[in-house]
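For clarity, every value in this text was computed on a predicted model and none was experimentally measured. Naming: A, B, ... by sequence-line order, numbering from 1 per chain.
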Amino acid sequence: MSETPLVDELEKGPWPSFVKEIKKTAENMEKRAAQGMDIKLPKTARALLKQLEISYKDKKTHWKHGGIVSVVGYGGGVIGRYSDLGDKIPEIEHFHTMRINMPTGWFYTTKALRGLCDVWEKWGSGLTNMHGSTGDIIFLGTRSEYLQPCFEDLGNLEIPFDLGGSGSAIRTPSACMGPALCEFACYDTLDLCYELTMTFQNELHRPMYPYKFKFKCSGCPNDCVAAKARADFAIIGNWKDEIKVDQEAVKEYAKWMDIENEVVKLCPTKAISWNGRELKIDAKNCVHCMHCINKMPKALKPGDERGATILIGGKAPFVEGAVIGWVMIPFIEIKKPYEEIKEIATRTLEWWDEEGKFRERLAELIWRKGVREYLKVIGKDVDVRIVKAPRNNPFMFFKKEELRPSPYIEELKKRGMF
Amino acid sequence: MVKTDFGPPKYDTMLHPIIKRNYGKWKYHEVIRPGVIKRVAESGDVIYVVRFGTPRLLSIYTIRELCDIADKYSDGYLRWTSRNNVEFFLTDEKKIDALIKEVKKRVGFPCGGTWDAVTGKYGLSNIVHTQGWVHCHTPAIDASGIVKSIMDELYEYFVDHKLPAMCRISLACCANMCGAVHASDIAIVGIHRTPPLPDDDMVRRTCEIPSTVAACPTGALKPDMKAKTIKVDVEKCMYCGNCYTMCPGMPLFDPENDGAAILVGGKISDARRPPELSKVVVPWVPNEPPRWPTLVKYIKQILEAWASNARKHERLIEWIDRIGWERFFEITGLEFTEHLIDDYRITPYFYGELRTSVQFRW
Amino acid sequence: MTEVTYTEEEKKKILEQLSKKTWKIPELAKVIQMDKAKVKKIVQDLIDQGIAAYWSSGSTTYVATKAYVQELEKKRAQG
């Protein structure tokens, strides 16, 4: 009889099974170790399965709380993990995760991947996540003493890999496939993401901030990396001028597509009209939502005046509630060497580092300090586009220089209140 | 001297030659069948991107097999998507069938996960999820097991284009939410339902009391200076587990009461209507390993109620908006309970007037 | 960026604090009334020299002396 009857149930069914992946790893690791290969942890994958079976029986986790272990000089990239079943299943006592910074856009050569596999076969459990939620390659499970040699071997590969971010640091930035494969990309997401990653290597590997900080780059408002909801600093491709229309291609679509019902009527601002011969888009009224472009990629394209919108503060509910990023910069040009955007990012980070309380994300700091102050920090003017609507209460702060001179003010001054 | 801070391999060394040659010069794309996207460049070059679902947790031996397949069909290049799918790049359309067959045979991954906005026929993409009992120390539910159970049940929607609009399903095993669960069409979130049970000895040995107390968003924790531990005001605690993140002496796991909440109606894309947070429609479902039948049933119920009633391109929230929440609960058969009325002390809707969308006019 | 410099005395002062508990940088800077950039530089140098170390719960990161962190890990391992 199987030692793991509960998790075995998850080998059944049409969807690929993670349990099969764990078993496959265990069998191969054990076999290859027995053949004399240099494999440090041939029994860890099997041990994970055993622990998982116990979790399935107990309906709770058996991983203990945190604890750092890292590589020399770095404070991130490794999540320490210990099992509370270490006495029963010694092979799983340590099960630390390494976060490996993925190539931007998750593009790989097989050579790069094989290098990663070789290193992890030697020093780890042989289990991975492709990929973690933030985007890193996740090496699941190794012991403290193997972290450093594993890291060094990764760095010595012909195609070397470095660790990503964890803890109170900049987390590994991620980007959609952008101009590599997509005609909608309004800027070079891969290049900007790579540049940001390289610019902030120190801040990525040496956690010295109040909490985590995420950059994410999406090439258009479709936002395939969910930057708006997840990134403190979301860079979303956008354009200012009118959508480019190829009328002949529209006519091709019109042969079979119900343009009236599927495009015109679904435009959020009713900016499109179609008379059977010509598709007209009222550029002044278009809000760049992407629906019509998604519908007719052969006929419609984002305009030529391209750049990005910066949304600030996206985060999950911990601690004070979920935030979808706030538009702080409606439009910015994204051109190499990206000086302006790097400057804004740097100023943002310095302000948050200085003012942020422990475990306070950027959104919570802006909430506490006010949008006005943040705009001043990044040197941007207010713009009506950063609000859905003006405020609905009259409790406004006025600066001293906005007030008229008056006897009342004189009295305030006299009493030291002004 | 150990090399540090050299960063990831540069992306342009990882690109298929056709992709590199046409970088930034793509003309259009066409989804020629579920799982296969034809991308055409201005130069006339064509590449077929073939997508397969994965369990995210992958063996290095599977990755090596994927490499073998990529060497054979895809000139040694491949890519993962933001939703844990793997893609191969083919230049020869005639090889697609053989590729799909070989992937299925060698690693068991299904081709699919695409959608076609042009024809208005959408497939279900993979579920993004967190670690759960496989690797996390704060989960209220498992992740991989639930995802596997759901995807087994929704398999037909992954391999085909049978849905009226895009539908993103995500799972987070606790409220910490690694991943964009809070803005998904259907979100599953692990929740605890019991306050932490302080382990005084552990608190004394390993925790910093002031910062743990300060970490509580509802002010439910008080330092007990005399006993050098922490006291919990049970009335105020809403079981978020933030204190446990700070201090291992504050565990709050109760196998009989931990479970999942289901949220719906979130979206991230700006298409048609602005991004939106998901809303709770099922307050709690118990943990039922190994296959979580109740949870799976609810997810399928919601998805199919929407799929059979929504108009073309109408995402879950757009459908609900048209028919109303009262009708949503009626059609899905879910029960509206008092738990679904927001009474969290700190409203998440601060700065309600700030724009959370890139939809604005120039 | 301007080069941050510091004295041996300042380094000693920080080392003394780091041997007491796990610190968050801003908190440490406040307690010893030293410029945060300087604190960061000193701490990073101590880490690079293998005297101090990071300690993290996973989501948030602290610093302390290596000896203190090792002791803490031992205590937690028992729990």
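Side chain to side chain, A:Glu183 and B:His29 meet the donor-acceptor criterion of an N or O pair below 3.5 Å. With 3.5 Å as the limit, one finds a donor-acceptor pair spanning the side chains of B:Tyr61 and A:Glu121. A:Arg359 and B:Asn242 share a donor-acceptor pair across their side chains, judged by distance under 3.5 Å alone. A:Asp188 and B:Tyr23 share a side-chain donor-acceptor pair at under 3.5 Å. Judged by distance alone, the side chains of A:Lys315 and B:His182 never bring a donor and an acceptor atom under 3.5 Å apart. For the residue pair A:Thr110 and B:Asp71, a side-chain donor N or O sits within less than 3.5 Å of a side-chain acceptor on the partner. Side-chain contact, A:Lys24 with B:Thr62: a donor N or O sits under 3.5 Å from an acceptor N or O.
B:His135 and A:Phe95 have tilted rings, their planes meeting at an angle from 30° to 60° on a 0 to 90° scale.
Heavy-atom neighbours of A:Lys111 NZ from other residues, nucleotides or ligands within 6.0 Å: at or below the threshold of 12.
Between A:Lys298 and B:Glu30 there is a salt bridge, since at least one side-chain N of the basic residue sits less than 4.0 Å from a carboxylate O of the acidic one.
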Item to check | Verdict with supporting geometry, B:Trp80 and A:His131, ring-ring contact (aromatic ring centres under 6.0 Å, His included) | outcome: CA-CA 8 Å; B:Trp80 268 264; A:His131 297 80; 5.7 Å; yes
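For a residue to count as touching a neighbouring chain, one of its non-hydrogen atoms must lie under 4.5 Å from one of that chain's; by this rule A:Thr97 touches chain B with backbone and side chain alike.
No option in B:Leu58, B:Thr54, B:Val134 other than B:Val134 meets the side chain to side chain contact (heavy atoms under 4.5 Å, CB included) test with A:Phe18.
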